[in-house]
Amino acid sequence: MGVVRPAEQQDRIAARRLALLGKVDYRLAETPAEREAIYRLRYRAYLKEGAIDANSSGIVTDRYDDLPNSWIFGVFYEGVLSSSLRITVASPDYQDCPSTDVFPDFLQPWLAEGKVIVDPTRFVADPTSANRLPELPYLTLRLANVSCEYFNADIGLASVRTEHQAFYRRVMMRLICEARPYPGLKKPISLMEIDFPAMRDKLYARYPFLRSTESERRSLFEHARRVPNLTLAEAPNLVPLALGRTHL
C-alpha cells in the first residue's frame, strides 16, 4: 500500500466528519425531562473524571441553566444522547454568563466596549460514546461556531482545564488566562478565546464541517423569543440587548 500524504489524510478526516453530521442531531433541551437527562449526563462525565464529588441527586446544574440568554443542547449520535453543550450569549445588556464570574477582568472590558460574547460551557460527553466516536468533541463544539454565526459574535470563549488546551488550539483558539478555581468543580479552569470575525474564514477552510446554514441556525436558536423584549427576527443582533471529554 502507498504512503498516505498528510494532505490526503486531512481530506479523509474532513470527509468523515462531514459524513458523520448526517448521523448527528442537535436538540435543544426545553422540557424538564430533556434537561434532567443532560444534567445526569454531566454528573456521570464529571464524576468519572474526578471533577466533582459524588452527590445524592446524581445531577449537575447551576443558575446559568435558567438564564434567558442560555441554550442547553443535547447532541444525539444515531439517536442516542452522546454529549451536551450549553451556550450562553453575553452582551452589554445581558452580561451574566458563567465566565464573567470567574474571569471578570477579561469579560467586563469587552462588554464595556459593546462586544457580543459566546460562552460555551458544560461541555460533556458520555464516556462510551467518546471512546467509539473520536470526532465527538469536534461535532459537539460545532455548536459554538453555529452560535457565533447566529448571534454575530465578536468573541468566542472556551473555559477549559489545562490538559484540554491543545484541543482548542487546533481550532484556532488562544490562551488568555491561566487556570483559576471554578465554583463547583475540583479542578481549575483556564480561559481561551477566538476573534471570530477575524478567524472565521481560516477556521472554515481548515474545518469545513463547522459551517452551518441559516436554516440550521434558526432552527436551533428560534426559542430566542423567550429573551425579554426580543423577537426572533432580532435574535441575531443581540448588540442592542447589549467551545469522550469534560471541559466545563
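Because the structure is a prediction, the values reported are computed rather than measured.
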Problem - Contact summary for Asp119 and Pro98, nearest pair of heavy atoms - result: OD2-CD, 3.3 Å
Practice task
Please assess Tyr150 against Leu220 for the test side chain to side chain contact (heavy atoms under 4.5 Å, CB included), listing each intermediate value before the final yes or no.
Solution key: CA-CA 10 Å; Tyr150 186 75; Leu220 290 174; over 6 Å; no
Handout entry: Side chain to side chain, Ile194 and Ile155, heavy atoms closer than 4.5 Å
Key = no
Practice task
Mind listing the closest non-hydrogen atom pair of Leu47 and Ala54 along with its distance?
Solution key: CD1-N, 3.7 Å
Handout entry: All side chain to side chain contact (heavy atoms under 4.5 Å, CB included) counterparts of Val102, not counting sequence neighbours
Key = Arg180, Tyr182, Pro183
Fill in the blank from the handout: By side chain to side chain donor-acceptor pair (under 3.5 Å), Asp201 pairs with (sequence neighbours left out) none
Practice task
Kindly indicate whether the side chain of Ile117, heavy atoms from C-beta on, has any atom under 4.5 Å from the side chain of Asp154.
Solution key: no
Handout entry: Salt-bridge contact Glu149-Arg211 (side-chain N to carboxylate O under 4.0 Å)
Key = no
Handout entry: Any side-chain heavy-atom pair of Leu111 and Glu113 under 4.5 Å
Key = no
Practice task
Would you check if the side chain of Thr140 reaches a backbone N or O of Ser84 as a donor-acceptor pair within less than 3.5 Å?
Solution key: no
Handout entry: Phe123 with Val80, same ILVMFWY side-chain cluster at under 4.5 Å
Key = no
Practice task
Taking the side chain as every heavy atom from C-beta outward, state whether Tyr94 and Val89 have any pair of such atoms under 4.5 Å apart.
Solution key: no
Practice task
Please examine the side chains of Arg174 and Met192, heavy atoms only from C-beta on, and report whether any two atoms are closer than 4.5 Å.
Solution key: no
Problem - Lys/Arg-Asp/Glu bridge criterion (N-O < 4.0 Å) met for Glu30, Arg35 - result: no
Problem - Heavy-atom side-chain proximity of Leu191 to Ile189 below 4.5 angstrom - result: no
Practice task
Indicate yes or no for a side-chain donor-acceptor contact from Tyr43 to the backbone of Asn55 under 3.5 Å, with no hydrogens or angles considered.
Solution key: yes
Exercise for the section: Indicate yes or no for a side-chain donor-acceptor contact from Arg142 to the backbone of Phe209 under 3.5 Å, with no hydrogens or angles considered. Expected result: yes
Exercise for the section: Please round to the nearest 0.5 Å and tell me the distance separating atom SG of Cys148 and atom CZ of Arg200. Expected result: 9.0 Å
Problem - side chain to side chain contact (heavy atoms under 4.5 Å, CB included) evaluation trace for Val160 with Phe167 - result: CA-CA 10 Å; Val160 304; Phe167 167 79; over 6 Å; no
Completion exercise
Paired with Glu49, the salt bridge (Lys or Arg N to Asp or Glu O under 4.0 Å) test is passed by just one of Arg161, Arg42, Lys186, namely Arg161
Exercise for the section: Walk me through it: do Gln165 and Ser190 pass the test side chain to side chain donor-acceptor pair (under 3.5 Å)? Expected result: CA-CA 8 Å; Gln165 291 175 11; Ser190 60; 3.0 Å; yes
Exercise for the section: Only counting residues at least two apart or in another chain, list the ones meeting salt bridge (Lys or Arg N to Asp or Glu O under 4.0 Å) with Glu78. Expected result: Lys23
Practice task
Answer with yes or no after comparing the ring centroid distance for Tyr26 and Phe73 against a 6.0 Å cut-off, counting only values under it.
Solution key: no
Exercise for the section: Could you list the residues that satisfy salt bridge (Lys or Arg N to Asp or Glu O under 4.0 Å) with Arg170, not counting sequence neighbours? Expected result: none
Problem - Check: Ser70 side chain, Asp66 main-chain N or O, donor-acceptor pair, under 3.5 Å - result: no
Exercise for the section: Measure the OH-CD1 distance between Tyr39 and Ile59 for me, rounded to the nearest 0.5 Å. Expected result: 7.5 Å
Exercise for the section: Please name the pair of heavy atoms, one in Leu85 and one in Ala144, separated by the smallest distance, quoted to 0.1 Å. Expected result: CD2-N, 4.1 Å
Completion exercise
Shortest non-hydrogen pair, Gly156 vs Met173, comes out as O-CE, 3.4 Å
Handout entry: Contacts of Tyr64 that satisfy side chain to side chain donor-acceptor pair (under 3.5 Å) - sequence neighbours left out
Key = Asp101
Handout entry: side chain to side chain donor-acceptor pair (under 3.5 Å) partners of Ser212, counting only residues at least two apart
Key = Arg217
Problem - Side-chain (Lys187) to main-chain (Thr162) donor-acceptor, under 3.5 angstrom - result: no
Problem - Shortest non-hydrogen separation from Arg86 to Ile72 and the atoms involved - result: CG-CG1, 4.1 Å
Handout entry: Exercise: identify the closest heavy-atom pair between Ser83 and Leu136
Key = OG-CD1, 3.7 Å
Exercise for the section: Taking the side chain as every heavy atom from C-beta outward, state whether Leu143 and Pro120 have any atom pair closer than 4.5 Å. Expected result: no
Exercise for the section: Can you establish whether the number of heavy atoms outside Glu214 located under 6.0 Å from its atom CD is more than 12? Expected result: no
Problem - Worked check of side chain to side chain contact (heavy atoms under 4.5 Å, CB included) between Val116 and Asn152 - result: CA-CA 7 Å; Val116 175; Asn152 297 324; over 6 Å; no
Practice task
Starting at CG of Leu28, measure out to OG of Ser219 and round the result to the nearest 0.5 Å.
Solution key: 10.0 Å
Handout entry: Contacts of type side chain to side chain contact (heavy atoms under 4.5 Å, CB included), residue Thr213, not counting sequence neighbours
Key = Ser215, Glu216
Handout entry: For Phe196, all residues meeting ring pair (Phe, Tyr, Trp, His ring centres under 6.0 Å), sequence neighbours excluded
Key = none
Handout entry: Between Ser159 and Ser99: side-chain donor-acceptor atoms closer than 3.5 Å
Key = yes
Handout entry: Whether Asn69 side chain and Thr88 backbone form a donor-acceptor pair below 3.5 Å
Key = no
Completion exercise
By salt bridge (Lys or Arg N to Asp or Glu O under 4.0 Å), Asp96 pairs with (sequence neighbours left out) Arg63
Handout entry: By side chain to side chain contact (heavy atoms under 4.5 Å, CB included) - contacts of Arg44 (at least two apart)
Key = Arg40, Leu41, Asp126
Practice task
Report yes if some heavy atom in the side chain of Ser147 is under 4.5 Å from a heavy atom in the side chain of Ile87; otherwise report no.
Solution key: yes
Problem - For Glu34, all residues meeting side chain to side chain donor-acceptor pair (under 3.5 Å), sequence neighbours excluded - result: Thr31
Problem - Residues that Arg169 engages under salt bridge (Lys or Arg N to Asp or Glu O under 4.0 Å), provided they are two or more places apart - result: none
Exercise for the section: Would you give the length of the straight line joining atom CG of Leu157 to atom SG of Cys97, rounded to the nearest 0.5 angstrom? Expected result: 7.0 Å
Handout entry: Quiz item: cation-pi between Arg27 and Phe76, 6.0 Å / 45°
Key = yes
